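Presented below is the structure to which this report refers.
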Amino acid sequence: GLQGGWVPRFPAARLLTVRATMFSLRMALSVGSRSYHKALTVQTINPNLLKAEYAVRGLIPLEAGKIQKEIKENPAHKFPFKEIIYANIGNPQALEQKPLTFVRQVISLLDNDDLLAEGVRADVLKLYPSDAVQRALEIKAAGVKTGAYSDSQGIEYVRKKVAEFISARDGVKACPNDIFLSSGASESVQSILFSLIAHAHVGIMIPIPQYPLYTASITLYNGVAVPYYLNEEKSWDLTAEALQKSLEEAHAQRTDVRALVVINPGNPTGQCLTVDSMKEIIRFCHRNGLVLMADEVYQANVYQTAKPFVSFRKVLAGMPGPERTELELVSFHTVSKGLIGECGRRGGYMELTNIDAGAREQLLKRASISLCPNVQGQVVVGLMVDPPKEGSPSYPRYKQETTDIYESLKRRAERLAHAFNSLEGISCNPCEGAMYAFPQIRLSVSAQTTARAQGLEPDTYYCLRLLRETGVCVVPGSGFRQVDGTFHFRTTFLPAEAAFDGYIEKFSAFHKKFQAEFP
């Protein structure tokens, strides 16, 4: 079972009775008293929002924010450090990863499009490379204005660029009409989950450990999260047997399972799937009539060659007829990760494969309710999938910047896993991809007892102590769900390389002290 268990669900009739009673009580209070009674309170708010949890920005990060504020405002603060190291979230530029020059140049030209006027072209070309100016002119000519709404499905010019990128990556033609741009991949994920969860017994299969976006969103939409467990002893691999076991247990609970989520490369676990595993997943989904949701936002973050990134779309295209032509697949990508790291731009997309035409129309209607995705984010998606080409003025700098970022991430991934494995009481699988390590920490009975006496999960207690004593902010494994009796935490390896040794030293000293305190 999962730590903490699942929140029980009330029968519909009883829930209606509870709501009617609350409504009657509010009416009686408003009639019988002249005092004002708030309509939006913790007692009256949507209970699904109360149940939803998002650990990446939960207790530990909130505490980190309070500490950071105290350090800034109080020179005589009590903490033995000068700043917080935010290793809790994949937010590269917040940890000093430099933005790619070409991206920022094009965006700046579009935001201040007076610089694209013919009369100032000669002066502008002294500051900007000609291909950046040409790209901005091309985007503007497509009718893009960064301060105006776009089409609800996304800018057609950008969707064509995405389709060209996918076609080149997979060797299979993609269609712009199958692309939906969004404000980050999260918005696309939530759109699909919302559309799938038609009633309170709809289940979505999710990997455990998982990215909390999934459990939080499923809870918000009043669905059922159906866990399947990754095998930590086999580098977080997954098997068809584990999937089948999870599905059968859900069916025994009369859960209407409709989709399977796969995160590749993994978050928080950092593993990469083999093509054979991907084929097994496709066959499993097809056999059981499940939508396959492929979260592929870390496809540029692969740090080994034995298991290179291959998209589910490409694998599906090579499968036999029934799977290839029938399996419903939705693939997600973003500008927030990879080597571009433009989290604040909120740009992403999803591609629909074998999705019913009527359902597609409803997805477009849902998108139109929000008018359109962030336009700057859409532009950055276009720049991500169509970067400067070899031979262009911007290519040498772009190539150098992306290579430097990639090689630095690879070095940090290796160093962090090695540092964890050198400590007694910690084990960590290799960081094959993504931006995270997810080490297991072995906590003594005394440490567990102390934590629970304070109303905390043991790994939460460990992470809270780590924060308060070193300024290092990570996320406890209980926020990602984990096998009962095991304890983990997720940390990025995004802290700047120049400060990475200090980060490792702080953590190592704390861990040794904690282990000595709780032998």
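Note: hydrogens, waters and symmetry copies are ignored here, and every other heavy atom, side chains too, is used. Fair warning: this is a prediction, and the values are worked out from it, not measured in the lab.
How far CG of L352 is from CG of L329: 9.0 Å, rounded to the nearest 0.5 Å. Here the OH atom belonging to Y214 is positioned 14.5 Å from the OG1 atom belonging to T219, to the nearest 0.5 angstrom. Rounding to the nearest 0.5 angstrom, the gap separating the CD atom in Q304 from the NZ atom in K410 is 9.0 Å. Between L327 atom CG and I355 atom CD1 the span is 8.5 Å, to the nearest 0.5 Å. Summarising the geometry, atom CD belonging to Q190 is positioned 5.5 Å from atom CG belonging to L213; distances are rounded to the nearest 0.5 Å. We find the OG-CE distance between S336 and M435 to be 9.0 Å, quoted to the nearest 0.5 Å.
Judged by distance alone, with hydrogens and angles left aside, the side-chain atoms of S183 form a donor-acceptor pair with the main-chain N or O of N374 at under 3.5 Å. A donor-acceptor pair is defined here as one N or O able to donate and one able to accept, closer than 3.5 Å; no such pair exists between the side chain of N112 and the backbone of L115. No side-chain donor-acceptor contact under 3.5 Å links E401 to the backbone of L100. Counting only distance, with no hydrogens or angles, the side chain of R345 and the backbone of V379 share no donor-acceptor pair below 3.5 Å. Side-chain N or O atoms of N301 include one that pairs as donor or acceptor with a backbone N or O of G338 at under 3.5 Å. Side chain of T353 to main chain of E328: no donor-acceptor pair is present (N/O by atom type, distance under 3.5 Å, no hydrogens or angles). Side-chain atoms of Q378 come within 3.5 Å of backbone atoms of I155 as a donor-acceptor pair (strictly under, hydrogens ignored). In terms of modelled atom types and a separation under 3.5 Å, the side chain of R346 and the main chain of C343 share a donor-acceptor contact. Side chain of E342 to main chain of P99: no donor-acceptor pair is present (N/O by atom type, distance under 3.5 Å, no hydrogens or angles). At least one donor-acceptor pair closer than 3.5 Å links the side chain of S167 to the backbone N or O of A163.
What you find for I89 and T492 is that their closest heavy atoms are O-CG2, 3.3 Å. In terms of heavy atoms, V224 sits closest to A200 at CG2-O, 3.5 Å. Scanning both residues, I405 and R412, for their nearest heavy atoms gives O-NH2, 4.5 Å. Closest approach of A367 and S152 over heavy atoms only: CB-O, 3.8 Å. When all heavy atoms of E497 and S408 are compared, the pair lying nearest together is OE1-OG, 2.7 Å. Taking each heavy atom of R360 and N177 in turn, the nearest pair found is NH1-O, 3.1 Å.
At a cut-off of 3.5 Å, with distance as the only test, no side-chain donor of E249 or Q253 sits close to an acceptor on the other residue. Counted by atom type alone, S331 and R313 present zero donor-acceptor pairs between their side chains at under 3.5 Å. For the residue pair E296/S311, the side-chain donor-acceptor check at 3.5 Å is not satisfied.
Contact annotation: the side chain of F194 never approaches that of L220 to less than 4.5 Å [non-hydrogen atoms, C-beta and beyond]. The closest side-chain heavy-atom distance from L383 to V335 is not below 4.5 Å. You'll find the side chain of L339 reaches within 4.5 Å of the side chain of L409, heavy atoms only. Residues F284 and L290 have side chains in contact (heavy-atom distance under 4.5 Å, counting atoms from C-beta outward). In this structure, Y503 and T491 have side chains that are in contact, with non-hydrogen atoms separated by less than 4.5 Å. Considering only heavy atoms from C-beta on, L193 comes within 4.5 Å of I218 through its side chain. Taking the side chain as every heavy atom from C-beta outward, L247 and L260 never approach each other to under 4.5 Å. Between F180 and V162, every side-chain heavy-atom pair lies at or beyond the 4.5 Å cut-off.
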(Q) Under the criterion side chain to side chain contact (heavy atoms under 4.5 Å, CB included), I'd like the reasoning laid out for R169 against Q299: C-alpha separation, chi angles, the key distance, then a yes or no. (A) CA-CA 11 Å; R169 182 194 66 189; Q299 59 189 261; 3.0 Å; yes
Q | Test side chain to side chain contact (heavy atoms under 4.5 Å, CB included) applied to N288 and Q244, step by step | A | CA-CA 10 Å; N288 293 287; Q244 188 62 38; 4.1 Å; yes
Q. Passes side chain to side chain donor-acceptor pair (under 3.5 Å), S235 versus Q271? Steps please.
A. CA-CA 7 Å; S235 297; Q271 86 286 5; over 6 Å; no
Q: Could you give me the CA-CA distance, side-chain angles and deciding distance for I263 and V297, then say whether side chain to side chain contact (heavy atoms under 4.5 Å, CB included) is met?
A: CA-CA 8 Å; I263 308 174; V297 302; over 6 Å; no
(Q) Go through it in stages, so that I can follow the logic: the residues are L494 and E96, the test is side chain to side chain contact (heavy atoms under 4.5 Å, CB included), and I'd like the CA-CA distance, side-chain angles, deciding distance and then a yes or no. (A) CA-CA 9 Å; L494 292 175; E96 308 307 322; over 6 Å; no
Q: Start with the C-alpha distance between N267 and R490, add both sets of side-chain angles, then the distance that settles side chain to side chain donor-acceptor pair (under 3.5 Å), and finish with yes or no.
A: CA-CA 9 Å; N267 176 10; R490 189 192 79 167; 2.8 Å; yes
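Ion pairing of R283 with E280 is present here, as a side-chain N (NZ or NE/NH1/NH2) and a carboxylate O approach within less than 4.0 Å. In this structure, K365 does not pair ionically with E361, as no charged nitrogen and carboxylate oxygen lie closer than 4.0 Å. We find that D386 and R135 are joined by a salt bridge, their nearest charged nitrogen and carboxylate oxygen being less than 4.0 Å apart.
Between Y395 and Y398, a ring centre-to-centre spacing not shorter than 6.0 Å is recorded. In this structure, Y436 has its ring center no closer than 6.0 Å to that of F480.
Crowding of K307 atom NZ: a count of heavy atoms from other residues, nucleotides or ligands under 6.0 Å exceeding 12. By the 6.0 Å contact criterion, CZ on R397 is open, its count of non-hydrogen atoms from other residues, nucleotides or ligands being 12 or less. Within a 6.0 Å sphere centred on CD of E233, heavy atoms belonging to other residues, nucleotides or ligands number 12 at most. For Q93, the CD atom sits in a packed shell: over 12 heavy atoms of surrounding residues, nucleotides or ligands are nearer than 6.0 Å. Counting non-hydrogen atoms of other residues, nucleotides and ligands closer than 6.0 Å to OH of Y157 gives a total above 12.
Shown are F493, F309, Y298; of these, the ring-ring contact (aromatic ring centres under 6.0 Å, His included) with Y303 is made only by F493.
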